S.K.: 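Quick one: structure below, then a few questions.
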Amino acid sequence: MTVIHKIKELREFLNLYIRDDKSIGFVPTMGALHSGHCDLIKRSSAENDITVVSIFVNPIQFGKNEDFDTYPRTLAEDCKIAAKSGANIVFAPAENDMFKGGIVSYVDVENLQSNLCGLKRPGHFRGVCTIVAKFFNIVKPNKAYFGKKDIQQLTIIQKMTDDLNFDVQIIPCDIVREQDGLAMSSRNRYLSDSERAHSLVLSTMLKRAVEQIDGGQISSQKVINMIKDGFNAIESLKIDYVSIVNKQMEDVDTISNGDIIALAVFIGKTRLIDNHIIGEPVCF
Ligand code: PAF
């Protein structure tokens, strides 16, 4: 596996493959790789001739009071994990190469953002879309792999790709969980032992919600209240949002298949998200 830091070098390297009509799979990440990322890399490597993994903690997707400064940066370890999972290239650009001279052009998807993380983290998806668009232009992938844990991100990236005619297929990948149900996230490593124990309430409440819905409950508000009651029983937990939305990320009153139960909470200082798409196999 090759580690490349410069955009120009990556382009020269990839051009050799593009000339030979080789397919390129792309897994964008911010590093601190975990089994969820490994799944994306393995899938890309099975479906493409070469797989590029980007590792870049993107400053423009973090809000002022968020964890940009403390976000884990573990490049050496990440390279080992990426190589083991089948990556051919790790692309880890420096900030001054990605934002040479400062940028004033941004990509913003106008709808799909007025709820969930779009509402709670203003400017976040503009930062995500801009960096992903830049990576698409640099890597020119045939397929790009995104986890369903960030379901709003996945939905917005798909819309951006369609709207701007990026010639790339977006591949949604299932949420990967720890054995006890906690969804994999780079931020899980912030959790103390007691916070880690409390974090299980996310998957537990999702499971209870699915049980209620399977039992015939269709009132969104009733399911939301049940989840909030479960969360409120934990002192160190602060609810950011508990919502049930349709594919357009709009709140629904009556639940139907394909709707999404979306959760975001702070456990101590750590913000965790999770979700379940109603009708999809339960994996917790
Ligand atoms: O999901 C992430 O890790 C990031 O939002 C992404 C897609 C790598 C863009 O920085």
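From a predicted model like this one, the values you see are computed outputs, not experimental measurements. Numbers here simply count residues along the sequence, with the first being 1. Order of listing sets the numbers, starting from 1, for every ligand and every atom in it.
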S.K.: Write out all pairs satisfying ring-ring contact (aromatic ring centres under 6.0 Å, His included) with one or both partners inside residues 9-42, taking only residues at least two apart or from two chains.
M.R.: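 For residues 9-42: Phe13-Tyr17, Phe26-Phe135, His34-His37.
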
S.K.: What are the atoms of ligand 1, with element, lying closer than 4.0 Å to any heavy atom of Ile131?
M.R.: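 Per the distance check, 9 (C), 10 (O).
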
S.K.: If hydrogens are left out, which of Gln61, Met30, His124, His37 has an atom nearest to atom 9 (C) of ligand 1, that is, the closest non-hydrogen atom?
M.R.: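 The residue whose heavy atom sits nearest atom 9 (C) of ligand 1 is Gln61.
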
S.K.: Does a side chain donor of either Gln113 or Asp108 reach within less than 3.5 Å of an acceptor in the other side chain?
M.R.: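 The answer is yes; a qualifying pair exists.
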
S.K.: Establish, from distance only, whether the side-chain atoms of Asp251 and Asn115 form a donor-acceptor pair under 3.5 Å.
M.R.: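 Yes.
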
S.K.: What atoms of ligand 1 come within less than 4.0 Å of a heavy atom belonging to Pro28?
M.R.: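 So the answer, numbered in order with elements, is 8 (C).
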
S.K.: Under a 4.5 Å cut-off applied to non-hydrogen side-chain atoms, are Met98 and Glu95 in contact?
M.R.: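 When only atoms from C-beta onward are counted, Glu95 and Met98 do not touch, as no gap falls below 4.5 Å.
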
S.K.: Indicate yes or no: does an N/O atom of Gln153 lie under 3.5 Å from an N/O atom of ligand 1?
M.R.: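 Gln153 vs ligand 1: N/O contact under 3.5 Å present.
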
S.K.: What is the ring orientation for Phe99 with Phe56, classed by angle as parallel under 30°, tilted 30 to 60°, or perpendicular over 60°?
M.R.: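 Plane angle between 30° and 60°, so tilted.
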
S.K.: How does Thr29 reach ligand 1, if at all, at less than 4.0 Å between non-hydrogen atoms: by side chain, backbone, both, or neither?
M.R.: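 Backbone only; the side chain of Thr29 stays clear of ligand 1.
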
